[in-house]
Amino acid sequence: MPSYVVTGTSRGLGLHEFIAGHTHKNVHVIEADSKDARALRVNLKNAADTVSKITGGTLDVLINNAALMDYERVDLTLDAFPDAETLEADLMLFFQTNTIGPIHTINAFLPLLLAGTTKKCLTISTTAGSPKVANATNFTTYGGYGISKAALNLAIAKYASRFRDDGVVFLAVTPGMVKTMPGTEEEVNKALEPLVEKFRKRYPHFEGPITVERSVRDILVLLDRAGIADSGKFTHRDGRDGDSI
Ligand SMILES: NC(=O)c1ccc[n+]([C@@H]2O[C@H](COP(=O)([O-])OP(=O)(O)OC[C@H]3O[C@@H](n4cnc5c(N)ncnc54)[C@H](OP(=O)(O)O)[C@@H]3O)[C@@H](O)[C@H]2O)c1
């Protein structure tokens, strides 16, 4: 049976709360988060060691899902912060969490992936990290978030180039606009409406908000069919270029 590691499983797309009532014993929850950079690296190494003990030294698929997305000042444009220090602190927090975090995660699990059979690493990205989409839609907010994910897309291309000859497939995949925020269906749709309108002005076919189930199902189909020729790509969950909507 193939083994998977998924980060960011406390809520949203990676949620594994079903584990509580799960009859099978093949799902394990391992904590690795830390605000302290050094402790995070140690925790990730320990997490990889724990996985290694469970799987016998291998890992088939790593899914980098954890990220900081909603934060108190995400609606401010980069020029509108109260002061330079606050802007810098926010940018650093997003970079630390969404770019450096996944890089440390990949490095911690790489030896296991290389020893695995499937050799796939899927990183959840976002069109908010696409300069082309930002330009086309006048998407001025979510600056720190978008910048951190754009950097992550490049990191994934770097890993793809580095490990192509070893047969490891690295993908950066945008999951769609997924209804993971708390609230009723009506409240969530209302909160997302301005962004949907913005996107539809430029991309009239934009699908709008989708359920977690639909997003995850499509991502797993993509993961299954992706091969080494796809490695390093930034795409939508149906395989289309991620630099558009
Ligand atoms: N939802 C969307 O519309 C959408 C669109 C495009 C891309 N994405 C991407 O899809 C992925 C999942 O998004 P989501 O909507 O499910 O987000 P979410 O509901 O905010 O969940 C994020 C998950 O990441 C974890 N996390 C955050 N910071 C962490 C850290 N430093 N260390 C470990 N775990 C951390 C959170 O854990 P805690 O509970 O401990 O904070 C949580 O489990 C993210 O990569 C996001 O950028 C989402």
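Since the model is a prediction, treat every value here as computed from it, not as a measurement. Both ligands and their constituent atoms are indexed starting at 1 by order of listing.
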- request: Starting from atom 9 (C) of ligand 1, locate the nearest protein heavy atom and write down its residue, its atom name and how far away it is, to 0.1 Å.
  value: Ile124 CG2, 3.5 Å
Where ligand 1 meets Thr9 - atom numbers and elements under 4.0 angstrom, heavy-atom basis: 43 (O)
- prompt: Backbone or side chain, does any N or O of Asp33 fall under 3.5 Å from an N or O of ligand 1?
  reply: yes
query: So among Ile210, Leu192, Ile245, which one has a side chain to side chain contact (heavy atoms under 4.5 Å, CB included) with Met177?
result: Leu192
message: For Pro209, state whether at least one heavy atom is located under 4.0 Å from any atom of ligand 1.
response: no
message: I'd like to check whether Leu68 has a polar contact with ligand 1, where a contact means an N/O of the residue lying under 3.5 Å from an N/O of the ligand.
response: no
- prompt: Would Ile219 end up clustered with Leu171 when hydrophobic side chains under 4.5 Å apart are linked, directly or stepwise?
  reply: yes
query: Is Thr58 reaching over with its side chain to a backbone N or O of Ala115, donor-acceptor style, under 3.5 angstrom?
result: no
- request: Provide, to 0.1 Å, the distance between atom 7 (C) of ligand 1 and the closest protein heavy atom, together with that atom's residue and name.
  value: Ser125 O, 3.1 Å
message: Please check this pair: side chain of Asp230 against backbone of Gly227, looking for a donor-acceptor N/O pair closer than 3.5 Å.
response: yes
- request: Mind checking the CZ-CG spacing from Arg240 to Asp243? Nearest 0.5 Å is all I need.
  value: 11.5 Å
query: What is the nearest protein non-hydrogen atom to atom 27 (C) of ligand 1, stated with its residue, atom name and distance?
result: Ala67 O, 3.3 Å
message: Could you see if Val61 belongs to whatever hydrophobic cluster contains Leu13? Use Ile, Leu, Val, Met, Phe, Trp, Tyr and a side-chain cutoff under 4.5 Å.
response: yes
message: Strictly distance-based, threshold 3.5 Å: is any side-chain N or O of Lys198 a donor or acceptor partner for the main-chain N or O of Asn138?
response: yes
Minimum-distance protein heavy atom relative to atom 3 (O) of ligand 1: Val178 N, 2.7 Å
task: List, by chain and then residue number, the residues other than Val221 in its hydrophobic cluster (Ile/Leu/Val/Met/Phe/Trp/Tyr, side-chain heavy atoms under 4.5 Å); write none if there are no others.
output: none
field: Under 4.0 Å to a heavy atom of Thr126 - the qualifying atoms of ligand 1, by number
entry: 6 (C), 7 (C)
message: Taking a cutoff of less than 4.0 Å between a non-hydrogen atom of the residue and any ligand atom, is Pro175 in contact with ligand 1?
response: yes
message: Please confirm whether Ser215 approaches ligand 1 to less than 4.0 Å, judged on its heavy atoms.
response: no
field: atom 16 (O) of ligand 1: the protein heavy-atom neighbour that sits closest, reported with distance to 0.1 Å
entry: Leu13 N, 2.6 Å
statement: Contact region, Asn98 to ligand 1, non-hydrogen atoms below 4.0 Å, reads neither
query: Hey, looking at atom 35 (C) of ligand 1, which of Ala66, Gly14, Ala128, Gly12 has the closest heavy atom?
result: Ala66
- prompt: Between the candidates Arg11, Met181, Met69, which shows the shortest non-hydrogen contact distance to atom 20 (O) of ligand 1?
  reply: Arg11
- prompt: Hey, which atoms in ligand 1 end up nearer than 4.0 Å to a heavy atom of Met177?
  reply: 3 (O)
field: Interatomic spacing from CG in Asn43 to CD in Glu31 - rounded to 0.5 Å
entry: 9.0 Å
message: If the contact criterion is a heavy-atom separation under 4.0 Å, does Gln96 count as touching ligand 1?
response: no
message: Do Leu114 and Val168 make a side-chain contact, defined as non-hydrogen atoms from C-beta onward lying under 4.5 Å apart?
response: yes
- request: Considering heavy atoms of the protein only, find what lies nearest to atom 47 (O) of ligand 1 and give residue, atom and distance to 0.1 Å.
  value: Tyr145 OH, 2.5 Å
Plane angle bin for Phe163 and Tyr159 - parallel if under 30°, tilted between 30 and 60°, otherwise perpendicular: parallel
query: How long is the gap from OG1 on Thr7 to CG on Leu62, to the nearest 0.5 Å?
result: 7.0 Å
- request: Please state whether Asn65 comes within less than 4.0 angstrom of ligand 1, counting heavy atoms only.
  value: yes
statement: The protein heavy atom nearest to atom 15 (O) of ligand 1 is Thr180 OG1, 2.6 Å
Closest protein heavy atom to atom 28 (N) of ligand 1, given as residue, atom name and distance to 0.1 Å: Thr97 CG2, 3.7 Å
Options Ser10, Ser148, Gly176, Ala32, ranked by nearest heavy atom to atom 43 (O) of ligand 1, top entry: Ser10
- prompt: Hey, are Lys53 and Asp49 close enough for a salt bridge, meaning a charged N less than 4.0 Å from a carboxylate O?
  reply: no
